[in-house]
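Inspection log for the structure reproduced underneath, given as C-alpha cells.
Proteins come first, then strands; the chains are lettered A, B, ... in the order of their sequence lines, and each starts at number 1. Just so it is clear, the values below take in all heavy atoms, side chains as well, and ignore hydrogens, waters and symmetry mates.
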Amino acid sequence: MNKNIARFIILVCTAITFTACVNEEDDIFGKTAAERLNEVSGLYTSRLVASGGTWIMEYYPTNSTEAVLGLGRPILCQFAKDKTVVCGMKNSASFNIYMESQSMWDVITDDGPVLTFNTCNDVLHTFSEPHDIVETTEDDELGRGFEGDYEFIITSLEEGADHAMLKGKKRGTYNRMTRLPADVSFFNYLMDINSFTSSTFVPGASELRLDLGDLRYNVSGMSTMLPMIYPREKQLEHDSPVYPYLVIKYKDKYYLRFRSEVGEEANSEQEFVYHPESDCFKGVKDSTHVLRGLEGEEVPLYLASVGGTGFSFIISGENPNSAAFNQAWKDLVDGFKASGNELTNVVLAVGNDGKEMQLKISYKLGRGSTTAVFKAPMEYVEGGLKFGDYTGSSNTVEALKTKIKKDGVPVLVNFLNIFGNGTFKVEGTEKALNLKGIRMEKTGVSPEIVIMGIRNVK
Amino acid sequence: MKAIYTKLTVAVLLVAAMGIASCSDDDFGPSIYDTTEYPLDRSVATFPLDSFVKKNFLEPYNVRFIYKMEDIGSDMDKNLTPAPYDRSTKLAVLSKYLWFDVYDKYGGKTDFLRQNSPRIIHCIGSKSYNPTQGTETLGVAEGGIKITLYGVNELDENNIAYMNKYFFHTMHHEFGHILDQTKLHPTSFNLLSSGHYNAMGWSDMPDSVSNGLGFVTSYASSNYSEDLVEVSSTYITADTLQWVDILNTASYEWEYIDTEYKSEREFYAAQDAPFDIDTVGYFKKSDNGDCKIYRKLCKRDADGYVVLNDSGKVQWLHDSGINGRELILEKLNLVRTWLNESFQFSIDDIRREVQQRQFLTEEDGKFVIKNGSLVNRLVQKVLGDEKGRTLMQKLLDEVNQYKELMTTTDK
C-alpha cells in the first residue's frame with residue numbers, strides 16, 4: 001500500500017515538474033515582435049524601391065525661418081534593392097554645382113518605420129555635418145552645422161503611392177517625397193526646377209497676391225525662397241510670418257509647396273500647381289485658391305508704395321501706344337536729330353518710396369552719352385497715378401537745353417508735358433506673376449493718349 | 001515507515017532535480033549576441049564588411065562593430081553623421097590589425113579580449129565638437145561596454161599622424177578606460193600630480209607646457225583618470241621619436257605670460273629674427289580671447305631679455321620642483337605594473353608590436369627613418385607578396401574576399 005502511495009506521489013511530482021517546463025504562453029500573434037518588425041521594414045523597403053525607387057525629397061533641415069537653416073532643399077534619391085542610394089542636389093549648399101553621392105540606406109524600426117541613410121552621403125549629410133557652414137560669412141556654426149536630420153520616421157507611404165511623408169527624427173520637420181520615373185536624369189531635373197523657380201520668382205519682382213477664399217494675403221520675397229506672407233490689410237513687418245517653400249516637377253507640372261499650410265481651416269492651402277495659361281498657381285486642395293501676380297488697380301497701388309520703388313518701364317515709339325503719343329515720340333526723336341544728337345532711351349521709373357515719378361531720357365551727346373532725369377511727385381488716385389509738376393532736378397528743361405548743342409530740343413518740353421501734371425489710369429498689360437508691362441491712359445485729354453511701358457528688368 | 005519517507009523524499013528530490021535540470025536548457029555562453037542566426041544578406045552591398053566584422057569581431061570576441069550609424073546610440077545632443085562605407089572598412093581592418101590582433105598576441109589570447117574588450121565599437125563619420133568649450137571629443141568609452149570613434153570621414157591611411165590621433169591613440173585610450181573600469185588602478189597614481197589637474201582650463205594649455213608639468217598631453221591634465229589612460233595610449237602609439245620628444249620637452253619648466261599681441265602672426269612679426277622659439281615662446285589664444293605666450297623658463301633680465309651664461313648658453317630654470325620627465329616615467333612605471341599585475345600583459349610588448357605594425361622596420365627590427373620621421377608601413381608594399389600589394393591593400397582583401405560570395409540583385 002505504502003509502495004503504491006509512494007509511486008503515486010512520484011508520478012504526480014514528475015508530471016508537475018515537466019508540466020512546468022511546458023511553454024505556457026499562447027501564440028497570441030502568431031509571430032514574434034522581431035518578425036513583425038522585420039516585416040514592416042521589408043514592406044516599406046519594397047515600397048521605396050518599387051518602380052525604380054526614384055524620388056524627389058523636399059528636404060527642410062530645420063523649422064527655422066531664417067536663412068540658411070530654414071531654406072528647403074530639393075534632393076533626388078534613387079533607392080536600390082542592394083541598399084545603396086544615390087542622392088543628387090544643386091543648390092547653394094553645393095555652391096550651385098550639381099553634386100551626387102552614393103551611400104547606404106535602410107528601413108529600421110527603432111521609432112516606427114524609420115528611413116535611415118546610415119553611411120555617409122555627401123549630399124544628404126551635408127545638412128547634418130557639424131562643420132561650420134561654408135556658404136555663410138560668419139564662422140559661427142562649428143559644432144552645429146545645418147542641424148538637419150538623416151533619419152526619418154515614415155509617417156505615410158501607402159502601397160503604390162507616389163507620395164511619402166517623412167518626419168525628421170530629431171528636428172521634426174516634415175519632408176515630402178514624390179516618386180519620379182526611374183530613368184529621370186537628376187541633373188536635368190534639378191536644372192529644370194531651378195530654372196523654373198528662378199525665372200518665375202525673380203529678384204526685384206513685385207509682391208504676389210494669395211487669395212484663399214475670403215482670406216487675402218500679400219506675399220513678399222518669393223525669390224529668397226523664404227517669403228513672408230501677411231494679411232493684405234496689414235503692413236509687411238520684419239516679424240511677418242515666413243513660409244519657406246520648394247518647387248518640384250511631377251507628371252510634367254510644377255508644384256509649389258510651402259513648408260506649412262497658409263490660411264485658416266477651410267480657407268487654407270499648402271500646395272499649388274502652376275497654370276501656364278494664366279501664369280499663376282492654383283491650390284491643389286481647392287483650385288479657387290490662387291497665388292498670382294498684381295491685377296487691376298493693384299498695379300498703380302503697388303507702384304505708389306514702398307514696394308514700387310525701383311520699378312521702371314521702357315517707353316518707346318515701337319510699343320503699341322496711341323497715335324497721339326507715337327506722334328509725340330516721333331517729334332522727340334526728330335528734335336534730338338535736328339540738334340545733332342540721338343535719342344537712345346526713355347524710361348519711366350518709380351523712386352522715393354513710391355512718391356516720385358522719374359522720367360529718364362538718355363541720348364548720345366557727341367561721342368558720349370548721357371541721361372537727363374526729370375522728377376515729379378507721384379501719388380495713387382483711384383485706378384491710376386497722378387504726376388505733379390517737375391521739381392528740383394539737376395537736369396531741368398533749361399539746363400538740358402544748354403547741354404545740348406545748338407538750340408537744344410524744343411519739342412522736349414511738349415514731351416515732358418504729356419507726363420507732368422497728368423493723371424493716368426494704370427493697369428498691367430497682362431495677368432502675370434511678374435509685372436511685365438503697364439498701360440497708361442491719360443485721363444481728360446483728347447486725342448487719346450495711351451502709353452505702353454515694358455518692364456525694365458535689370 | 002521512516003524508510004519509506006526517506007525513499008519518498010529522495011525520490012521527490014531526484015525528480016525535482018531532473019525537472020530543474022531539464023528546464024535549464026539556456027546556454028549562457030560568452031556571447032550576448034546571436035552569432036548563429038546573425039542575418040547577413042548576400043545581396044546587400046555591404047555584405048563583405050558585414051561578413052568581416054561578424055567573422056572577426058562578433059564571433060571571436062562578442063563585439064559588435066557598428067559602422068552603419070545608429071543615432072540613438074550616439075550623443076543625441078550633437079549633430080553627428082555616419083561614416084562612409086569605404087573608410088569604415090579601413091577602420092575595421094585597422095582595428096583588428098592594430099588593436100585586437102595585438103592584444104590577442106600579447107594580452108592572453110582571445111580570452112583576454114572576450115573578457116575585457118568593449119561589446120560595441122561605434123564608428124561616427126563626423127567630428128564631435130564641443131562648441132561651448134571649443135574642444136573636440138575624439139572618442140568615448142561608456143561603462144566599459146562601448147567605444148565610439150569619431151572623425152572616420154577623414155581616415156586616410158597615408159596620414160599616419162591623423163590616424164594615430166583620431167583612431168589608434170583613441171582606441172588604446174578608450175580601451176584603457178575599460179581596463180580601468182574593470183580593475184582599478186593603484187590609487188598612488190592619483191597622487192602623483194595632485195593639485196595640478198585642471199578640469200576646466202586644460203584645453204587652453206599647450207601640450208609642451210603640460211609635458212613640463214609631468215603630463216604626456218594637455219588632456220592628461222584634466223583629471224587622473226584621463227592621465228592614466230593618456231600615459232598608456234600615448235606610450236603605445238607615439239613613435240620612438242615622438243616619445244623621446246615628449247620626454248625632452250618635459251625636462252624643461254614652462255611659464256605662460258599675458259601678451260598684448262592679438263594674433264600669432266602679429267606676435268612673431270614683432271620678434272627679431274632669427275629667434276629661439278623656446279625662449280620667445282608659443283602664442284596661444286584661448287576661447288575667451290585671452291592671449292598668452294608659453295615659453296621655457298630661463299634666466300632673464302629686468303626687461304625680459306634672456307641672460308646667457310659664460311658659454312653663451314641659455315640658463316634654464318627649475319622653480320616649481322616638478323621634474324616633468326621623471327614624473328611621466330614614474331606614471332608609466334605605475335601603469336606598467338598595474339597592467340602586468342591586473343591583466344598579465346606587458347605594455348612594452350604591446351607598444352613594440354603596435355609600432356612594428358605601424359612603421360617600417362629593417363630586417364634587424366630597427367625602424368626605418370626618412371626625413372626625420374618613421375615610415376608608414378601601411379602604404380608600403382608587403383615584401384614577398386605575390387600580388388605586389390601594400391599592407392593596407394592586403395588587409396582590405398580580408399574584406400574583399402567576401403565579394404565572391406555575394407549574389408547580384410536586380411537594382
Side-chain angles (χ1 to χ4, degrees), chain A residues 2-3 5-7 9-21 38 49 52-53 78-84 101-106 108 110-111 114 116-122 124-132 140-151 169-170 182, chain B residues 1 3-5 7-8 11-20 22-25 39 41 43-47 49 66-73 76-88 123 125-136 152-153 406-411:
Chain A
N2 283 337
K3 277 186 179 177
I5 292 170
R7 283 177 187 150
I9 292 171
I10 289 168
L11 270 174
V12 169
C13 286
T14 306
I16 290 170
T17 304
F18 284 101
T19 305
C21 291
N38 283 340
V49 299
Q78 186 165 40
F79 299 95
K81 289 175 186 169
D82 68 354
K83 296 293 174 71
T84 56
S101 177
Q102 179 176 308
S103 66
M104 305 303 298
W105 69 282
D106 207 348
I108 57 176
D110 64 346
D111 196 2
V114 171
T116 176
F117 295 75
N118 55 13
T119 66
C120 185
N121 188 297
D122 288 340
L124 189 74
H125 291 117
T126 292
F127 303 104
S128 309
E129 272 287 336
H131 293 160
D132 184 65
D140 57 356
E141 299 98 0
L142 188 66
R144 296 186 296 112
F146 284 97
E147 303 186 64
D149 277 301
Y150 63 88
E151 290 202 352
K169 212 172 172 188
K170 284 164 87 172
Chain B
M1 191 62 181
I4 290 171
Y5 278 126
K7 284 179 184 173
L8 198 59
V12 169
L13 283 172
L14 191 65
V15 169
M18 283 167 62
I20 291 166
S22 66
C23 284
S24 59
D25 57 355
D41 186 343
S43 67
V44 172
T46 56
F47 175 74
L49 182 53
I66 301 175
Y67 67 94
K68 292 175 180 172
M69 185 178 155
E70 296 174 356
D71 72 353
I72 55 167
M76 293 290 273
D77 291 333
K78 292 187 174 181
N79 298 319
L80 303 167
T81 60
Y85 176 78
D86 60 335
R87 287 184 174 79
S88 296
C123 305
S126 59
K127 295 186 176 181
S128 172
Y129 297 106
N130 306 304
T132 49
Q133 293 107 314
T135 58
E136 182 186 342
V152 183
N153 284 353
M406 290 179 73
T407 54
T408 54
T409 60
D410 174 20
K411 284 198 172 188

Could you give me the CA-CA distance, side-chain angles and deciding distance for B:Lys68 and A:Thr119, then say whether side chain to side chain contact (heavy atoms under 4.5 Å, CB included) is met? CA-CA 5 Å; B:Lys68 292 175 180 172; A:Thr119 66; 4.2 Å; yes
Using a 4.5 angstrom heavy-atom cutoff, name the option from B:Met406, B:Met69, B:Glu136, B:Arg87 with the most pairs to chain A. B:Met69
Measuring heavy-atom distances to chain B, does A:Phe146 have an atom under 4.5 Å in its side chain, in its backbone, in both, or in neither? neither
Quick check on A:Glu151 against chain B: is it the side chain, the backbone, both or neither that has a heavy atom closer than 4.5 Å? side chain
Shortest non-hydrogen contact from A:Arg144 to B:Asn79? O-ND2, 2.6 Å
Evaluate the side chain to side chain contact (heavy atoms under 4.5 Å, CB included) criterion for residues A:His131 and B:Tyr129: first the C-alpha distance (whole Å), next the side-chain angles of each, then the deciding distance (0.1 Å), finally the verdict. CA-CA 9 Å; A:His131 293 160; B:Tyr129 297 106; 3.5 Å; yes
So what's closer than 4.5 Å to chain A heavy atoms on B:Met76: side chain, backbone, both or neither? both
Name the region of A:Ser103, side chain, backbone, both or neither, that has any atom closer than 4.5 Å to a heavy atom of chain B. neither
What are the two closest heavy atoms between A:Tyr150 and B:Thr81, and how far apart are they? CE2-CA, 4.4 Å
Without swapping roles, check the side chain of A:Lys170 against the backbone of B:Lys78 for a donor-acceptor pair under 3.5 Å. yes
Of the listed A:Ser101, A:Gly143, A:Pro130, the one with the largest count of heavy-atom pairs under 4.5 Å with chain B is A:Pro130
Name the member of A:Lys83, A:Gln78, A:Glu147 that forms the most heavy-atom pairs with chain B at distances under 4.5 Å. A:Glu147
I would like to know whether A:Asp110 and B:Glu70 meet side chain to side chain contact (heavy atoms under 4.5 Å, CB included); could you show each step before the answer? CA-CA 9 Å; A:Asp110 64 346; B:Glu70 296 174 356; over 6 Å; no
Just verifying a value: how many Å separate B:Ile72 CD1 and A:Thr116 OG1, rounded to the nearest 0.5 Å? 10.5 Å
Rounded to the nearest 0.5 Å, how far does CG of A:Asp106 lie from OG1 of B:Thr46? 8.5 Å
How about B:Ser43 and A:Lys81: do any of their side-chain heavy atoms sit closer than 4.5 Å? no
If one checks every heavy atom of B:Asn153 against chain A at 4.5 Å, the contacting part turns out to be side chain
Under 3.5 Å, is there a donor-acceptor pair between the side chain of A:Asp82 and the main chain of B:Ala45? no
